[in-house]
Colleague: 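What follows is a structure written as structure tokens; I'll ask about it next.
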Amino acid sequence: MAEPEAPARESGPGEKEHKPGRVAEHNAQRDLREELSEQRKRSRISAQNLDALYADTVIGGDDITGASHRATDGGTVNAPGRDQYIFGMSQEDKAVYTVGVPARAVGVVRRCQAPTESCDTLLRRLRDEHVLLLRGEPHSGQPTAALAALALWTGDDTRLAWLHCRRDPLPLVAADLRDATGYLVMAGDDATWSDHADQIIGHLCRVAERAGARIVVLAGSEFPEHDWTVQHEPPPLDKVFANWLVHELYEGGEAHPQERADKTAADELVREKLAGYRRPREARALALQVATGLLHGRSVGEILEGLPEQRRIRARNLLAKDTPRRARSFLIVGSVLSGSPAAVVATQTLRLATLIEEELARQTTIEQPRRHHLWEWLSDWTEDTGIRVKDTGRGGDGQVVEFDEPRMAGSILRVIWEEQPTIHEPLLAWLHQLTEDQQFGTRMKAAEAIGLLATYDFLAVRDRFLEEWRDSDKFERRELAAWALASAARDPQVEPRVLECLRRWARNGRRAQSVVIRAYGSWLGARHVEEALHVLGDIAKTSGYVLAGSVARAVSQIHQLGTGRTFLYDAETAEVPENTRRIISALVEWSADPDSKGLPRAAALAFVRLLASPDAIRVIDLAADPDAAGDLVALWRHILLHAVTRGPDAALTPEAWDLLSDWLGRWEADAGVRRVLSQVLTPPPDELRMSLLFHLRLWGRIGKVDPEVAARLAALIEGS
């Protein structure tokens, strides 16, 4: 597989920026569509690898909302595990932020929430009291109960929001709240809240009363008792499971969701599984997994056998002490390099086994083990492991190593790290060696495995790997840091730390910025598109021409990825994703920035990539929206102006002419395209008139564009 295109060399401190013409010449020589197709393929490989590594991680848990939402002054709010993290705020000194909870999320919570006495008490008291404190154990479903009660009190799913306070809510004023709106706020876990509880809650009461709002404070079980306290009771887990199962089956198109959910909830295996759970999020996660299995025609037994905890049990058995050490090494290597050639896996198995034996020898002071021959029988290692060696079916590609169940890869690594600490050091040393491999795929998989380990000790991985890679003068090393960070962010509890790390690095020089660009040019940027565009725009604005091309690549990558659960867009079944609209709006703003060299340049390169990508149909479909037509017209003119040679500099976006001919091929059949291009071409900017006439006449003569359409447009341009 060809190596990915490395961006133009980035300037180090004190170096001069590249001349525009050099980058433009480089752009003109590349096959953009081939590069974008390769980019998409690699994104899919990475997505499959991360899905396997993080199959044991409950993404979303009992969260009430999706990934992120816009705050009132332009920041992004992340809500994993009920904790609120705010990024990219324009007013850094603002002490209190209000963040609306999406109406759809509120509706789902209201329908799926299992009734509890604490929820009933909240609702009853909210009719007369403006502030209540819901006290309970963490992860026991407090926010769900509070949201459900507030939604019932307001009678309007659009009138619920979070209050986020930097320290305490004393700066809150009535103008920050809306009448007839319900708010949730997390009580801080420091002395600021607990030592001044009367003062803080009294202030909230006065403000809420003036605003006509209601506030529920979520507090831990150690928070002091008050007259405003309602003691939270965890909901019955069987009810949580049943309610979410009905919802998921209904969403999945099941004809009789209630009937099937009732039957499934009564299954003895399900009841036995629920009896071992303690948290509502576990019951909800089980409901999601069972619903997915049922909708795919699997039996309850098959579904439960494939649960993460069952994989953990199998992983422990495979890694038991009586398993030969090199067979255990083979399991670890197979987990990291699943899908890699058998020869590579065998070689790396012996390297890891040797590192482990040397480490154990140091720990037990026995003599150093002998060096082993390179090859041993793979069949000795694969027996009863769930790993198979199979032919690829492609001549010359040999055999590859894969798990029968790909999700076992993450289970193996987790069990190794959690339960076999004696091999931590050799495992990290081996992974570090693996990141220096010449093969792109091997380096990526090693970095993503290191990202998984960062979910256990983020600071240790940052200090040992990430900062070294970030500061390297080699793009390939900085790429490792981006892969590892994007991998670690798949854990919802670690995601906020990754985003905060990226924010800091975005202000930390060119090398660190290139890591940030690459990390956001992944599923992470597609999930946090507002935050990604904000940070990428700042980098492009401050770096001049140097990083504009890299920013454009990241934007096109974000566009390639969707916003669904798998973050991949299906052109046959999905409408134009919201990310497309957001990206187009941002590019229009970038293209019109008069104070920046890098932003207009990044906008031009990014829009060309959007038009040339396998997902270009989303932009074409957007042309049918009259509200988006003006933005598309502005961006088309922007890239065509950059497609014209200016003085000694080559054109920045020469591909724009071929892309224009593709759109003109839709002139007769697509009214949206016709409306956009009509405004682009009539009248065109003076700098484009001659070039447009030349290309239209050429395309009409060679048949690339319908001759009548080309002639008619040429006449309109000449007469305009």
Side-chain angles (χ1 to χ4, degrees), residues 32-33 36-37 552 555-556 559-560 562 569-588 590-592 603-644 653-685 688-689 691-720:
L32 185 57
R33 283 193 171 91
L36 290 167
S37 179
V555 171
S556 72
H559 184 251
Q560 276 194 5
Y569 171 76
D570 185 348
E572 295 181 358
T573 61
E575 297 178 355
V576 178
E578 188 62 27
N579 275 8
T580 301
R581 301 176 189 275
R582 293 171 173 172
I583 290 170
I584 292 297
S585 296
L587 295 184
V588 171
W590 294 5
S591 68
L605 293 171
F607 190 57
V608 163
R609 284 173 167 270
L610 263 59
L611 295 176
S613 77
D615 310 287
I617 187 63
R618 282 185 270 168
V619 182
I620 294 172
D621 289 346
L622 193 58
D625 183 354
D627 294 334
D631 287 347
L632 293 176
V633 169
L635 288 174
W636 263 112
R637 288 193 171 183
H638 186 62
I639 64 171
L640 289 173
L641 285 168
H642 280 85
V644 178
T653 55
E655 305 92 344
W657 298 112
D658 282 337
L659 295 169
L660 178 60
S661 69
D662 292 342
W663 272 50
L664 287 172
R666 295 174 171 268
W667 180 273
E668 297 290 355
D670 194 320
V673 167
R674 190 163 59 248
R675 179 172 55 249
V676 168
L677 293 187
S678 294
Q679 297 179 58
V680 172
L681 301 176
T682 55
L688 289 177
R689 189 179 300 273
S691 294
L692 284 170
L693 288 172
F694 167 78
H695 281 93
L696 284 169
R697 288 166 180 159
L698 172 65
W699 292 334
R701 179 166 296 184
I702 65 176
K704 195 169 186 179
V705 174
D706 183 274
E708 289 187 12
V709 172
R712 189 162 67 248
L713 289 174
L716 287 173
I717 291 173
E718 287 182 319
S720 62

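We number each residue from 1, following the sequence as shown.
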Colleague: What are the two closest non-hydrogen atoms of Ser37 and Pro614, and how far apart are they?
Modeller: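 Minimum heavy-atom separation between Ser37 and Pro614: CA-CG, 4.3 Å.
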Colleague: Taking all non-hydrogen atoms of both residues into account, name the closest pair between Val673 and Ala623 and its distance.
Modeller: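 So the two residues come closest at N-CB, 4.0 Å.
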Colleague: What's the separation between atom CZ in Arg581 and atom CG in Asn579, rounded to the nearest 0.5 Å?
Modeller: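 Arg581 CZ to Asn579 CG: 11.5 Å, rounded to 0.5 Å.
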Colleague: To the nearest 0.5 Å, what is the distance between CG on Leu32 and CG on Leu659?
Modeller: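 If we round to the nearest 0.5 Å, Leu32:CG and Leu659:CG are 7.5 Å apart.
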Colleague: Mind checking the CD1-CG spacing from Ile620 to Leu632? Nearest 0.5 Å is all I need.
Modeller: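 So the gap between those two atoms works out to 10.5 Å.
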Colleague: How about Trp663 and Val705: do any of their side-chain heavy atoms sit closer than 4.5 Å?
Modeller: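 Heavy-atom side-chain distance check fails, nothing below 4.5 Å.
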Colleague: Looking only at heavy atoms, which two atoms of Leu640 and Leu688 are closest? And how far apart?
Modeller: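 Result for this residue pair: O-CD2, 3.2 Å.
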Colleague: Please list all pairs passing the salt bridge (charged side-chain N to carboxylate O under 4.0 Å, His left out) test where one or both residues lie in residues 659-672, with sequence neighbours left out.
Modeller: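 Applying salt bridge (charged side-chain N to carboxylate O under 4.0 Å, His left out) to every pair that reaches into residues 659-672, excluding sequence neighbours, yields Arg33-Asp662, Glu668-Arg712.
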Colleague: When you compare the side chain of Leu692 with that of Trp657, does any pair of heavy atoms fall below 4.5 Å?
Modeller: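 Of all side-chain heavy-atom pairs linking Leu692 with Trp657, at least one is under 4.5 Å.
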Colleague: Enumerate the ring pair (Phe, Tyr, Trp, His ring centres under 6.0 Å) contacts for residues 696-717, please, sequence neighbours excluded, ordered by first and then second residue.
Modeller: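 Every pair satisfying ring pair (Phe, Tyr, Trp, His ring centres under 6.0 Å) with a residue in residues 696-717: His695-Trp699.
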Colleague: What's the shortest heavy-atom distance between Leu696 and Ala714, and which atoms?
Modeller: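 Smallest heavy-atom distance, with atoms named: CD1-N, 3.9 Å.
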Colleague: Using atom types as modelled and distance alone, determine if a side-chain donor or acceptor of Glu655 lies under 3.5 Å from a backbone N or O of Leu611.
Modeller: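 Side chain of Glu655 to backbone of Leu611: no pair is present.
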Colleague: What is the distance from atom OG of Ser691 to atom CG of Leu660, rounded to the nearest 0.5 Å?
Modeller: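 Between atom OG of Ser691 and atom CG of Leu660 there are 11.5 Å.
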Colleague: Can you see which heavy atom on Ala629 is nearest to which on Arg675, and at what distance?
Modeller: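 Ala629 and Arg675 have their closest heavy atoms at CB-NE, 4.3 Å.
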Colleague: Look only at the side chain of Thr653 and the backbone of Ile639, and say whether a donor-acceptor pair between them is shorter than 3.5 Å.
Modeller: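 Here the side-chain-to-backbone pair exists.
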Colleague: Tell me, which pairs form a side chain to side chain donor-acceptor pair (under 3.5 Å) where one or both residues lie in residues 631-644, sequence neighbours left out?
Modeller: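 As it turns out, there is no side chain to side chain donor-acceptor pair (under 3.5 Å) pair with a partner in residues 631-644 once direct neighbours are skipped.
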Colleague: Could you check if a side-chain atom of Lys704 sits within less than 4.5 angstrom of a side-chain atom of Leu698, using non-hydrogen atoms only?
Modeller: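 No, too far: nothing below the 4.5 Å cut-off.
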Colleague: Indicate the atoms forming the closest heavy-atom contact of Val633 with Val676, along with that distance.
Modeller: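 Closest approach of Val633 to Val676: CG2-O, 3.5 Å.
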Colleague: Taking Ser613 for the side chain and Leu610 for the main chain, is one N or O donor matched with an acceptor at less than 3.5 Å?
Modeller: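 Here the side-chain-to-backbone pair exists.
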